[in-house]
Amino acid sequence: PSYTSVSDLSNMTSIKIEKLIRDLTKMGFTNVTHNYILSREYVELVLSSYNYKVEDQTSSLTPETVYEELRSSVNPKNLKKRPPIVTIMGHVDHGKTTILDYLRNSTIVSNEHGGITQHIGAFQVKTPISKRTITFLDTPGHAAFLKMRERGATITDIVILVISAEDSLMPQTLEALKHARNSGNQMVVAITKIDRFSNPKQREAAIEKVNLDMMNHEIPIERIGGDVQVVPISARTGENMELLEESIVLLSDVMDLKAESGPQTTLEGYILESEMKKTTGNVSTILVTKGELRKGKVLICGNTYCKVRSIKNENGQDVSKATPAQAVEITGWKDLPGAGDEVIEAKNEATAKKYVAKRLAVIQTARESENVDRLNEQRATKAL
Ligand code: GTP
Ligand code: MG
């Protein structure tokens, strides 16, 4: 058990209760009686002073570290180039969804009520000129991203900061800027809606205004010797969209993005979204960050696990595998995993079950020791 009263401890160890109370008092515990409750770490301390051995070490683990030992040790030999993971940020209505929509070549904007983005989309594009892959994630303000950010996990490499040529910098532009700076993301600026200006002079002036405003906010754009590329685009007409894509490719080459992948590497990733569907059961979108996702593999996430039953890409097509920086939809979860939670591979279902049980035990122990602390505090207050 993770906590024990002094009398229980006496029964378990056949150490006389009077002796226990005396020894505990000597150790520094105050107001010790037969029903004084000891949390696990103190039980261990007491037992070790009587030369009792405590077998398992769950007490030093936290729910976050239980799965650490499942990670494969790093092996630079398995490093392979991977696509950049890009999010688009910017002020309301400046055209984030329209850019993604153009890239994905679908009709998300017209499907949305009021044009507000309602779910995380993750998809890959092949750039038209260099034929390279880019992963785009929609909606970085989503709960999953906030959760990941809280834990210091940044899964995004590059932020496209979208600024409308009509409005220039607005409050949420500055917020996005702050975020990009804090998270250490690289940035590319897209000055968008340039098709709104049919007069070339007016168009130039609008673009110039955005540039000046950026300089005033100390955005290190290339024009002043910085490394932030600025691309004026129209997501409506498609003007300069290839240029924007190639800017990202260029930047990702400079960043030299790599991840360990292949069958040797234990799969790792993050849940982007998670949903119970009537037809297929628990479905989640997982972003692979390491290793290789394949059907039949066993994954753990939080207190649940999954034997991967199906893998679908963003177009709903069945695929045989997914590699780092790829987001796919999988089925097979026992319970719904949480958006933003980390995923790690286990050798088999037995291992997964064992680790999930271990994690549950750690959580239970943490809860109980919290309760014990509170209880002893209350008793001490009463005793005064
Ligand atoms: P939120 O998700 O609500 O923050 O907005 P958003 O940044 O995703 O903007 P969205 O893509 O929904 O675009 C807002 C409006 O601007 C829509 O009516 C788009 O059709 C329009 N729009 C976006 N990009 C362009 C563009 O390049 N040119 C023109 N003319 N209109 C654009
Ligand atoms: Mg949108």
Side-chain angles (χ1 to χ4, degrees), residues 85-125 127-128 134-146 149 155-156 158-180 183 185 187-211 213-214 217 219 228-248 272-273 285 314 327 339:
I85 301 171
V86 181
T87 53
I88 304 191
M89 299 181 83
H91 194 72
V92 173
D93 275 353
H94 274 198
K96 300 176 289 291
T97 304
T98 309
I99 291 175
L100 287 168
D101 193 35
Y102 179 91
L103 292 166
R104 163 157 48 188
N105 204 7
S106 70
T107 51
I108 287 177
V109 170
S110 55
N111 288 341
E112 284 174 10
H113 296 284
I116 289 167
T117 309
Q118 288 172 343
H119 65 97
I120 289 181
F123 65 98
Q124 292 192 317
V125 297
T127 58
I134 304 174
T135 301
F136 285 97
L137 300 183
D138 200 354
T139 341
H142 190 280
F145 285 81
L146 297 176
R149 214 175 292 155
I155 51 166
T156 310
I158 297 169
V159 168
I160 299 180
L161 185 64
V162 177
I163 307 174
S164 156
E166 291 181 310
D167 293 348
S168 193
L169 276 69
M170 297 289 279
Q172 278 161 6
T173 319
L174 300 178
E175 238 168 71
L177 184 63
K178 204 165 93 190
H179 164 72
S183 60
N185 287 141
M187 207 164 63
V188 172
V189 172
I191 301 179
T192 191
K193 305 196 187 184
I194 58 169
D195 62 292
R196 286 287 174 90
F197 304 89
S198 45
N199 178 328
K201 276 227 171 77
Q202 279 171 2
R203 175 190 285 209
E204 273 318 304
I207 295 172
E208 182 62 11
K209 163 104 171 54
V210 179
N211 271 296
D213 286 348
M214 285 195 287
H217 282 91
I219 301 178
V228 175
Q229 305 172 79
V230 180
V231 191
I233 60 154
S234 165
R236 183 160 287 177
T237 67
E239 189 176 349
N240 285 347
M241 285 298 285
E242 312 81 35
L243 223 63
L244 180 63
E245 291 177 62
E246 295 305 330
S247 302
I248 294 161
L272 296 181
E273 50 191 328
T285 305
E314 66 264 24

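Both counts, for ligands and for their atoms, begin at 1 and track the order of listing. Fair warning: this is a prediction, and the values are worked out from it, not measured in the lab.
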Which atoms of ligand 1 have any heavy atom of S234 under 4.0 Å away?
-> 27 (O)
Got a sec: is T98 within less than 2.8 Å of the Mg ion (ligand 2) via an N/O/S atom?
-> no
Run the numbers for me: atoms of ligand 1, each under 4.0 Å from some heavy atom of T97, listed by number.
-> 2 (O), 6 (P), 8 (O), 11 (O)
Roughly how far, to the nearest 0.5 Å, is the CD1 atom of I248 from the CG atom of L243?
-> 10.5 Å
Residue portion contacting ligand 1 (non-hydrogen atoms closer than 4.0 Å) for T192 | side chain
Give yes or no for whether the N/O distance cutoff of 3.5 Å, strictly under, is met between V92 and ligand 1.
-> no
Distance-minimising heavy-atom pair for D213 and K209 | OD2-NZ, 2.7 Å
Pairing residues for Q202 by the side-chain contact (heavy atoms from CB on, under 4.5 Å) criterion, not counting sequence neighbours = F197, N199
Judged by atom type as modelled, is there a donor-acceptor pair below 3.5 Å linking the side chain of H91 to the main-chain atoms of Q172?
-> yes
So, are R203 and E166 salt-bridged, with charged N and O less than 4.0 Å apart?
-> no
Could you tell me which residues satisfy ring-ring contact (aromatic ring centres under 6.0 Å, His included) with F123, sequence neighbours excluded, listed by chain and number?
-> F136
Report yes or no: does a heavy atom of G90 sit under 4.0 Å from some atom of ligand 1?
-> no
Contact partition for K193 relative to ligand 1, non-hydrogen atoms under 4.0 Å | both
Hey, does V125 have a side-chain heavy atom less than 4.5 Å from the side chain of R104?
-> no
Counting heavy atoms only, which part of D93 comes closer than 4.0 Å to ligand 1: side chain, backbone, both or neither?
-> both
Below 3.5 angstrom, do we get any N/O pair linking I233 and ligand 1?
-> no
